[in-house]
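Residue indices begin at 1 and follow the sequence shown. Note that the structure is predicted; figures quoted are calculated from it, not measured.
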Amino acid sequence: MLNIGSKIPKIASVQKSIENFMHSSVIMQWDNISKTILILAMGGLDFLVWILWLVYSYHSPELNHWIDSAHYPFFLSFYILAAVLYFILIFICYRYKRNKLFQKYMPYIAVGYFGITMLFAGFAIGTSNPATIAGYITVVTVGLVLYERKIIYSTFIPGTIILLLLITLCAKDLIIYAPIFSAELDAGNLYQNSFWVYSMLFLYTPIFIVSIVLFEVLLIQWRNRELLINEISRRDPLTGILNRRSIGEFLKKLEDQHEMYAVILLDLDYFKKINDSYGHDVGDQVLITVSNVLSNITIDGDCLGRYGGEEFILILPALNKDQAINIANRCREAIAETLIRNEDGTEFNISASFGVAMSDETSKKEDVIRMADQALYIAKDKGRNQVQFLS
């Protein structure tokens with residue numbers, strides 16, 4: 001009896017793995033050897049499909065007359081040899097992937113080999129047919145996304161010249177057009193011949209599917225990387241909370257919407273002494289710890305950011321004076337209760353001084369921050385580790 005229930009978690013796990021792969025930046029961050037292995041695997045699989053279709057067609061009584069029996073052994077041997085060499089190159093890539101010289105030149109060799117074999121396969125079925133042209137454009141497009149341009153251009157430019165030359169020579173009847181097909185097929189209307197149509201599908205579909213899937217993965221990962229870069233640009237690299245630029249954007253939005261808000265500025269007391277006594281690594285840990293403490297107190301809709309070296313800012317929309325002062329005191333108490341452990345096991349307390357200010361319907365963001373800064377100065381002047389409000 002089939003236990004369907006037991007398969008559901010496995011299916012969900014596979015779906016989750018695919019989703020994580022699609023939304024990560026794994027391919028974009030691969031080194032050139034890993035990308036080379038991917039390209040070689042794609043080429044090897046394409047040639048395997050082509051071999052199967054060619055063998056099936058030649059040994060099928062209904063299709064055999066469309067294949068040129070004089071050229072069949074040569075092209076079959078070429079396809080087999082090309083596929084084998086693809087997988088040999090994959091093995092070599094795994095074997096020598098840590099060699100610096102190999103890392104530098106193997107992508108050129110692999111891309112060049114890929115281009116040569118694809119051009120020859122395209123010549124076998126006709127250089128000017130839709131499968132050859134579309135496959136050529138698709139592979140080049142994906143290659144330009146995967147590799148540096150100089151690697152692709154080293155094959156693309158001579159490959160394009162060769163392709164145009166082959167098309168010209170075929171058009172002038174100086175060389176055979178589509179030598180893998182019989183004269184009977186070439187003499188007829190190709191686009192109305194079902195065997196020719198199926199051949200194009202079998203020969204181009206693997207490239208098309210792999211390229212589209214790969215291109216879609218790359219596009220998703222590219223977009224996610226752009227979003228990640230944008231998010232990183234908005235955050236303080238040490239603490240992970242918003243940076244000064246993002247704080248300004250948040251305040252500008254509140255100002256444009258004429259929304260009331262409170263600003264809390266806090267400065268860690270005697271932070272220079274902490275750096276001098278315990279070192280900057282411990283100082284950095286203090287900043288990270290304080291940002292975590294403040295993050296646990298703020299709620300959705302609030303803005304928490306690092307405003308300077310040891311200075312933090314909280315922007316609290318739609319709060320009155322008493323609520324803002326209460327939150328500031330909660331933050332002050334939470335920081336004062338936090339113990340910082342040094343590398344040698346010693347522990348010490350930290351504290352912070354707070355300045356609070358409120359906006360009104362006409363106040364500019366610069367004025368509200370200036371008032372909060374003045375209130376912070378008063379708190380420090382009166383002994384630190386306290387909250388002061390200025391209106």
Side-chain angles (χ1 to χ4, degrees), residues 27-28 30-54 74-97 99 101-167 180 199-218:
I27 294 180
M28 299 299 296
W30 280 1
D31 57 71
N32 278 345
I33 294 299
S34 298
K35 293 175 182 177
T36 297
I37 293 172
L38 179 64
I39 288 292
L40 291 172
M42 183 170 74
L45 292 174
D46 283 339
F47 270 89
L48 287 179
V49 173
W50 296 353
I51 290 167
L52 292 174
W53 173 246
L54 187 60
F74 170 76
F75 282 99
L76 178 62
S77 300
F78 171 81
Y79 285 0
I80 293 173
L81 180 62
V84 170
L85 190 52
Y86 268 112
F87 293 106
I88 290 175
L89 288 174
I90 291 174
F91 172 78
I92 293 173
C93 285
Y94 276 111
R95 180 69 176 81
Y96 296 102
K97 62 182 179 181
N99 183 285
L101 202 61
F102 186 83
Q103 292 172 359
K104 182 177 180 180
Y105 292 108
M106 186 59 196
Y108 290 93
I109 296 171
V111 171
Y113 176 70
F114 187 89
I116 290 170
T117 54
M118 290 296 170
L119 278 174
F120 193 83
F123 165 69
I125 62 171
T127 50
S128 59
N129 69 64
T132 300
I133 302 300
Y136 189 71
I137 294 172
T138 303
V139 169
V140 169
T141 303
V142 174
L144 286 171
V145 176
L146 278 176
Y147 288 104
E148 304 169 44
R149 285 176 294 178
K150 61 182 181 180
I151 295 177
I152 298 302
Y153 286 159
S154 66
T155 297
F156 171 67
I157 294 175
T160 302
I161 294 172
I162 293 172
L163 180 62
L164 293 175
L165 180 62
L166 289 173
I167 291 173
I180 202 170
S199 294
M200 295 304 102
L201 287 175
F202 272 97
L203 298 175
Y204 174 58
T205 298
I207 299 176
F208 178 77
I209 293 175
V210 173
S211 298
I212 289 298
V213 171
L214 181 59
F215 202 61
E216 181 63 21
V217 170
L218 290 171

From Phe87 atom CZ to Ile92 atom CD1, the distance as rounded to the nearest 0.5 Å
13.5 Å
To the nearest 0.5 Å, what is the distance between CG on Asn32 and CD1 on Ile151?
4.5 Å
Assess whether side-chain contact (heavy atoms from CB on, under 4.5 Å) is satisfied between Thr132 and Phe123, documenting all intermediate values.
CA-CA 8 Å; Thr132 300; Phe123 165 69; over 6 Å; no
Which heavy atom of Cys93 sits nearest a heavy atom of Ile37, and at what distance?
CB-CG1, 3.6 Å
When the ring planes of Phe156 and Tyr153 are compared, do they come out parallel, tilted or perpendicular, using 30° and 60° as the limits?
tilted
Taking every non-hydrogen atom, the tightest pair across Ala124 and Phe75:
CB-CE2, 3.5 Å
Side-chain atoms of residues 40-54: list all donor-acceptor pairs with protein atoms under 3.5 Å, sequence neighbours left out, distances to 0.1 Å.
unit_1	atom_1	unit_2	atom_2	d
Trp50	NE1	Leu203	O	2.7
Trp53	NE1	Ser199	OG	3.1

Atom pair OG/CD of Ser154 and Glu148 - distance to nearest 0.5 Å
10.5 Å
When Leu163, Ile162, Leu164 are each screened for side chain to side chain contact (heavy atoms under 4.5 Å, CB included) with Thr127, the one that passes is Leu163
Which side-chain N or O atoms in residues 101-115 pair as donor and acceptor under 3.5 Å with protein atoms at least two apart or in another chain?
unit_1	atom_1	unit_2	atom_2	d
Gln103	NE2	Lys97	O	2.6
Tyr113	OH	Ala82	O	2.8

Qualifying residues under side-chain hydrogen bond (donor to acceptor under 3.5 Å, both in side chains), relative to Tyr147, sequence neighbours excluded:
Thr36
Just by distance, do the side chain of Asn99 and the backbone of Tyr96 share a donor-acceptor pair under 3.5 Å?
no
To the nearest 0.5 Å, tell me how far Ile90 CD1 sits from Leu38 CG.
9.5 Å
